[in-house]
There are 2 protein chains.
Amino acid sequence: MSSFLSDKKTQTLRQYASAPKTPTYLLQKQTETMDEKQFLADYDKRQYDSPLLTVDAVLFTYHEACLKVLLVQRSNHPELGKWGLPGGFVDLIRDITLEDTVLRKLQEKTGIEPPYLEQLQTIGNAQRDKRGWSVTIAYTALMAFQACYAHVATVADAQWLALDTVAEMDLAFDHQAIISLARERLRQKALYSIVPAYALEETFTLPELQALHEALIGKGLQKKSFRRRIEQAELLIDTGEKRSEGGRPAALYKMKKSAGNYTFVRNLED
Amino acid sequence: MSSFLSDKKTQTLRQYASAPKTPTYLLQKQTETMDEKQFLADYDKRQYDSPLLTVDAVLFTYHEACLKVLLVQRSNHPELGKWGLPGGFVDLIRDITLEDTVLRKLQEKTGIEPPYLEQLQTIGNAQRDKRGWSVTIAYTALMAFQACYAHVATVADAQWLALDTVAEMDLAFDHQAIISLARERLRQKALYSIVPAYALEETFTLPELQALHEALIGKGLQKKSFRRRIEQAELLIDTGEKRSEGGRPAALYKMKKSAGNYTFVRNLED
DNA sequence: TAAATAGTGTCTCTCAGACAATATACG
DNA sequence: CGTATATTGTCTGAGAGACACTATTTA
């Protein structure tokens with residue numbers, strides 16, 4: 001606490017080191033607010049040439065034993081006609097945060113807000129967009145296929161595409177690389193969390209969740225190990241319902257509120 | 001592969017769905033390049049009001065049994081006089097990537113490039129800067145204290161401050177929160193990697209590294225466990241040198257090239 | 001009953017935690 | 001030698017991997 005006070009003192013002193021000898025406590029309030037008001041009034045951020053700023057989302061889902069990602073076909077230059085990630089510009093009036101921007105864009109395409117949204121990475125350089133220096137803040141999102149299928153079907157330029165298919169396509173900008181990055185990060189999460197469960201319906205079976213993790217990790221997992229760790233961490237609630245897939249019916253679970261934040265201390269084998 | 005081709009076809013067809021009946025393969029090349037050229041010529045990104053974009057770095061080091069962060073005192077409005085993170089605007093001419101921007105800013109203050117630099121998080125909202133909608137791409141960086149001490153001493157507005165001291169200060173913008181975020185992330189890394197080692201000199205002892213991890217985690221660690229996992233993963237090179245701290249001299253190690261990327265499958269206790 | 005899918009029992013092996021024991025400096 | 005710090009030995013326990021076994025459904 002004493003270090004705090006002495007730091008504040010240093011701060012104030014340095015700030016007005018070369019100012020006239022008026023008592024600091026008077027000078028401070030006045031000049032500070034005046035100067036700042038003046039500054040903000042004069043300030044026009046357009047005088048600084050700044051990079052183009054966009055927000056993009058890699059929205060995954062799992063449907064019919066297949067990882068899919070939502071793409072939209074570009075209706076504007078540049079890269080007109082190519083498929084790419086849903087995204088766009090920040091609306092300085094309507095959006096309060098960057099998440100608002102992503103959610104708004106995803107809402108337009110899917111009709112709903114994804115239950116999982118996390119910032120992935122910001123990519124910015126001089127070459128990724130022909131218009132010049134450009135920055136995109138990329139997000140990873142997960143949602144159930146059924147929850148938005150009807151709405152997506154009504155949006156002419158939006159479509160769920162299997163990841164394997166997407167890998168062969170010529171996407172806009174560096175969106176192919178961004179998808180790879182998102183997938184790799186999600187693969188990691190599959191090793192130490194059950195975050196991928198957000199790509200399933202609200203209730204799901206354990207074999208279903210395991211299959212999703214296996215698809216992400218690219219390798220089979222031991223049923224026993226998979227169940228054991230989830231049971232011990234008490235991440236799921238047994239709904240009591242069952243779902244049959246031709247054999248013994250499987251128990252239907254839903255996630256506990258905080259299940260997405262839980263991380264196992266020990267990873268699954270890579 | 002066939003799905004790839006059919007996708008491309010869809011793409012082209014959709015793109016010119018309402019265009020005249022000229023053969024597509026002719027029409028495509030022409031109109032596409034023409035339109036795009038025109039578009040890029042007309043394009044002036046300043047016509048779109050976009051958020052203010054900055055880059056900031058949380059640069060940590062470990063010196064005298066103490067975690068420190070490099071802060072600079074602001075010499076401009078807004079928040080003039082307050083201490084904050086080193087950072088600034090992208091130089092659209094000189095910087096090719098966002099990393100260039102951070103490295104340039106850190107170079108100015110420390111005289112060197114940090115051996116560890118990783119994107120932390122991008123924070124963007126309407127309130128964090130009085131000038132309006134503002135976005136900062138925050139990075140975490142680590143470097144040795146000695147490597148830059150001399151240069152930092154020559155920079156009047158830059159200073160290493162202990163994290164405990166910083167926690168009590170009134171920093172510019174949301175920099176306090178960004179530092180917390182960076183610290184928390186580094187704490188996590190201390191549980192499953194030896195990334196914190198980049199905050200030490202190029203050669204260091206194991207007790208030294210352990211002390212750093214303990215400072216980050218906020219809890220004592222078992223010497224044996226700590227050494228064992230590092231030895232088994234073969235992350236360090238024994239330089240053969242020793243350093244004495246009053247008792248038995250400790251072996252001096254340096255990191256292998258890829259040691260920073262290694263993650264243990266099993267975390268230390270939280 | 002056979003096939004299919006779900007779920008369990010149990011052994012092994014790896015590795016972190018605990019802590020005692022030993023090693024090598026300096027005064 | 002006594003003190004300080006570094007390094008090792010070794011036991012315990014948690015939890016993942018392997019895989020065989022049991023359970024519950026449909027055809």
Side-chain angles (χ1 to χ4, degrees), chain A residues 64-65 188-194 197 200 203-214 216-253 262-270, chain B residues 64-65 187-194 200 203-214 216-253 262-270:
Chain A
E64 290 174 341
Q188 290 302 323
K189 284 194 193 292
L191 296 174
Y192 62 75
S193 79
I194 58 164
L200 301 176
T203 67
F204 53 87
T205 68
L206 277 179
E208 204 176 350
L209 180 58
Q210 183 174 339
L212 166 53
H213 278 245
E214 287 171 343
L216 281 168
I217 299 171
K219 178 185 138 178
L221 296 173
Q222 292 289 332
K223 285 184 294 186
K224 185 64 183 182
S225 305
F226 192 75
R227 306 179 76 98
R228 187 175 34 207
R229 65 199 328 241
I230 291 177
E231 269 165 27
Q232 287 210 353
E234 297 182 288
L235 298 177
L236 303 181
I237 299 166
D238 189 335
T239 63
E241 314 274 309
K242 306 271 178 191
R243 176 192 300 161
S244 191
E245 294 278 354
R248 172 174 170 177
L252 278 165
Y253 296 91
Y262 185 87
T263 60
F264 298 97
V265 286
R266 194 162 157 186
N267 288 13
L268 294 175
E269 263 179 11
D270 212 342
Chain B
E64 289 175 340
R187 195 179 81 86
Q188 290 302 322
K189 285 195 192 293
L191 296 174
Y192 61 76
S193 80
I194 58 163
L200 301 176
T203 67
F204 53 88
T205 68
L206 277 179
E208 203 175 352
L209 180 58
Q210 182 174 341
L212 166 53
H213 278 246
E214 287 172 343
L216 281 167
I217 300 172
K219 179 185 137 177
L221 296 172
Q222 291 290 331
K223 288 183 291 184
K224 184 64 184 182
S225 306
F226 192 76
R227 305 179 76 98
R228 187 174 33 205
R229 64 198 329 239
I230 290 177
E231 269 165 28
Q232 288 209 351
E234 298 182 285
L235 298 177
L236 303 182
I237 299 166
D238 189 334
T239 64
E241 314 273 309
K242 306 271 177 192
R243 177 191 299 162
S244 192
E245 294 279 354
R248 172 175 172 177
L252 278 165
Y253 296 91
Y262 185 87
T263 59
F264 297 97
V265 288
R266 197 163 155 184
N267 288 14
L268 294 174
E269 263 180 11
D270 212 342

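Proteins come first, then strands; the chains are lettered A, B, ... in the order of their sequence lines, and each starts at number 1.
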What's the spacing between B:Arg243 CZ and B:Thr203 OG1 if we round to 0.5 Å?
5.5 Å
Would you name the heavy atoms of A:Glu269 and A:Leu191 that are closest together and state the gap between them?
O-CD2, 3.8 Å
B:Leu221 side, atom CG; B:Arg229 side, atom CZ - distance, nearest 0.5 Å
9.0 Å
Check side chain to side chain contact (heavy atoms under 4.5 Å, CB included) between A:Arg266 and all other residues, then give those that pass, not counting sequence neighbours.
B:Arg266
Rounded to the nearest angstrom, tell me the gap between atom CG in A:Asp238 and atom C1' in C:dG7.
12 Å
Could you tell me the separation between the CZ atom of A:Arg243 and the C1' atom of C:dA6, rounded to a whole number of Å?
13 Å
Heavy-atom closest pair (B:Phe264 atom, B:Ile194 atom, distance to 0.1 Å) is CE1-CG2, 4.3 Å
With a 4.0 Å cut-off on heavy atoms, is B:Glu231 in touch with a base, just the backbone sugar-phosphate, or nothing at all?
sugar-phosphate
Heavy-atom pair of closest approach, residues A:Tyr253 and A:Arg227
OH-NH2, 4.4 Å
Nearest-0.5 Å distance that lies between atom CG in A:Leu216 and atom NZ in A:Lys219
14.0 Å
Whole angstrom value for the distance that separates C1' of D:dT22 from CZ of A:Arg227
13 Å
Between OH on residue B:Tyr192 and CG on residue B:Asn267, distance to nearest 0.5 Å
8.0 Å
Straight-line distance of A:Ile230 CD1 to A:Arg228 CZ, nearest 0.5 Å
11.5 Å
Collect all protein-nucleotide pairs involving nucleotides 15-19 of chain C in which both atoms are nitrogen or oxygen and the distance is under 3.5 Å.
residue : atom : partner  : partner atom : Å
C:dC15  : OP2  : B:Gln232 : OE1          : 3.3
C:dC15  : O4'  : B:Arg266 : NH1          : 3.4
C:dC15  : O2   : B:Arg266 : NH1          : 2.8
C:dA16  : N7   : B:Arg228 : NH2          : 3.2
C:dG17  : OP1  : B:Glu269 : N            : 2.9
C:dG17  : N7   : B:Ser225 : OG           : 3.3
C:dG17  : N7   : B:Arg228 : NH2          : 3.0
C:dG17  : O6   : B:Arg228 : NH1          : 3.3
C:dA18  : OP2  : B:Gln222 : NE2          : 3.2
C:dA18  : N7   : B:Gln222 : OE1          : 3.4

Rounded to whole angstroms, how far apart are CD on A:Gln210 and C1' on D:dG17?
12 Å
Find the distance A:Ile230:CD1 to C:dA6:P and express it as a whole number of Å.
14 Å
Nearest-angstrom distance from the residue atom CG of A:Leu191 to C1' of D:dA16:
13 Å
To the nearest angstrom, the CG-C1' distance between B:Leu252 and D:dT5 comes to 14 Å
Just the atom pairs and distances: protein N or O near nucleotides 24-26 of chain D's N or O, under 3.5 Å.
residue : atom : partner  : partner atom : Å
D:dT24  : O2   : A:Arg248 : N            : 3.4

